[in-house]
2 protein chains.
Amino acid sequence: MLLSKACIYGIRASLYVAAMHEQKRPFVPIREVSDKLELSFHFLTKILQQLTAAGLMKSYKGPNGGIAFTREPKDIKLIEVVSAIDGLDLFKECVLGLPGCGHKQPCPFHDKWATTREAIEIMFNATSLEELATKGKRMNLRLSAEITMDDLLKTA
Amino acid sequence: MLLSKACIYGIRASLYVAAMHEQKRPFVPIREVSDKLELSFHFLTKILQQLTAAGLMKSYKGPNGGIAFTREPKDIKLIEVVSAIDGLDLFKECVLGLPGCGHKQPCPFHDKWATTREAIEIMFNATSLEELATKGKRMNLRLSAEITMDDLLKTA
DNA sequence: ATTATTAAAGATAATTTAGTCTTAAATATT
DNA sequence: AATATTTAAGACTAAATTATCTTTAATAAT
């Protein structure tokens, strides 16, 4: 598995919040996100705290509280979410797990893997949350196993 | 992390055995592999049993016993080792972990990820154990944190 | 002020992965 | 036959990840 579950949930939640942002509803309660995406509320809270700690999101307590992005979703790249939760080791690590593997001291697999690893990094780097959220809305794609973007928006 | 530790260790061990195979020493004891690669003997034993169960390796007990590939390392692709240990889910799974995500029912990330995922699969599919072992020997590359292919061969 | 709502923080539990230890089975050597 | 060597198998332990539960802190509405 490329990304941890925490990171996957974090991305799904980010896409939900980004979609709401486009609907002119930048602040959403975590409970709403966890209900809609069928994720554990407490687990998701901890994950989102990592995004807040990283400065990607801001949060307010109390009634009408919730979370929101600190910047426009069009200016937030997917790699920022990944970085805040799983870190960037994924884009540095040797595929054989050898410490110090790199251009100077390559493992047998280094050259081939470095190319692929870069392609993955570029992909996360080049994709904004807004891009994904818009695409999801346009194509009525799914954000959880059972629920499409359309479902989410009409029951919001 | 793309591959589990078990899978990483399995690949390292496979490269070691492939290198020995080229030295006309197809059968090597597991203890030798675990010593040279600085891996836990018992843990490695279990991993190699998976390769044996998958038909990639054969084993003999008793003095002068050990493990060896059932086919020539040049005919064994890296993906076979990965498949035997981690399975092929990696090459099928949605990057957001959504069940059923695919061409018909894509998640917002599907198209971009599918391309990258295929590149990874092709890479594992196109690389033989012999190719990696030979390259490692030629370039004196490392198979464990501290030990190069040359070190391994001269102290064998 | 009191109450209700919401995120933060911390304790605990469950699951998966990683790793160790012990015993059994097979086989070669003597 | 007895012994030593080696893989196989199973029980057990440790660590990391995932998930739940409880309490606290902040804030808005009444």
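Numbered from 1 within each chain, the chains take letters A, B, ... in sequence-line order. We use all heavy atoms of the structure for the numbers below, so side chains are in, but hydrogens, waters and symmetry mates are not.
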Which nucleotide, dA19(D), dG10(D), dA7(C), lies nearest any side-chain atom of Pro29(A)? dA7(C)
Closest-nucleotide ordering on DNA chain C, the 5'-leading residue of Tyr60(A) and Lys46(A): Tyr60(A)
Taking for each residue the nucleotide of DNA chain D bearing the nearest heavy atom, is the 5' side occupied by Ala6(A) or by Pro63(A)? Ala6(A)
Can you tell me the distance, in whole Å, between the CZ atom of Phe27(B) and the C1' atom of dA28(C)? 14 Å
Do the side chains of Thr127(A) and Phe109(B) get nearer than 4.5 Å, heavy atoms only? yes
In whole angstrom, give the distance that lies between atom NZ of Lys61(A) and atom C1' of dA28(D). 14 Å
How close or far is atom C1' of dT6(C) from atom CG of Asp35(A), stated in whole angstroms? 13 Å
Listing, residues 37-54 of chain A side-chain donor-acceptor contacts under 3.5 Å, not counting sequence neighbours, or none:
| unit_1 | atom_1 | unit_2 | atom_2 | d |
| --- | --- | --- | --- | --- |
| Ser40(A) | OG | Phe43(A) | N | 3.1 |
| Thr45(A) | OG1 | Phe41(A) | O | 2.9 |
| Thr52(A) | OG1 | Leu48(A) | O | 3.1 |

Between Ile147(B) and Leu143(B), is there a shared hydrophobic cluster once you connect ILVMFWY residues whose side-chain heavy atoms come closer than 4.5 Å? yes
Counting just side-chain N and O atoms, does Ser40(B) come under 4.0 Å of either OP1 or OP2 of dG19(C)? no
Interatomic distance, His42(A) NE2 vs dA11(C) P [rounded to whole Å]: 16 Å
Please check the phosphate of dT5(D) (OP1 and OP2 only) for any side-chain N or O of Asn64(B) closer than 4.0 Å. no
Using whole Å, what does the distance between atom P of nucleotide dA16(D) and atom CG of Asp86(A) come to? 16 Å
How many Å lie between NZ on Lys58(A) and P on dT27(D), as a whole number? 15 Å
When you get a sec, tell me which of dA7(C), dA9(C), dA8(D) is the closest nucleotide to the side chain of Ser59(B)? dA8(D)
Strictly below 4.0 Å, N to O, side chains only: are Glu130(B) and Lys77(B) in salt-bridge contact? no
Angle between the two end axes of the helix from dA1(C)-dT30(D) to dT30(C)-dA1(D), five base pairs per end, rounded to 10 degrees? 10°
Polar side-chain atom of Arg117(A) near backbone of Lys92(A) as donor-acceptor pair, under 3.5 Å: yes
Under the rule for salt bridge (charged side-chain N to carboxylate O under 4.0 Å, His left out), what residues qualify as partners of Asp111(B), not counting sequence neighbours? Lys135(A)
The side chain of Phe43(A) lies closest to which of these nucleotides: dC21(D), dT6(C), dT18(D)? dT18(D)
Tell me which nucleotide among dC21(C), dA8(C), dA8(D) gets nearest to the side chain of Ile30(A). dA8(C)
Rounded to whole Å, CG of Leu44(B) lies from P of dC21(C) at a distance of 16 Å
Using only atom types and a distance under 3.5 Å, with no angle test, would you say the side chain of Asp86(A) pairs donor to acceptor with the backbone of Cys7(A)? no
Tell me: CE of Met1(A) to P of dA16(D), nearest whole Å? 17 Å
When all nucleic acid strands are considered with a 4.0 Å heavy-atom cut-off, which category describes Tyr9(B): base, sugar-phosphate, or nothing? sugar-phosphate
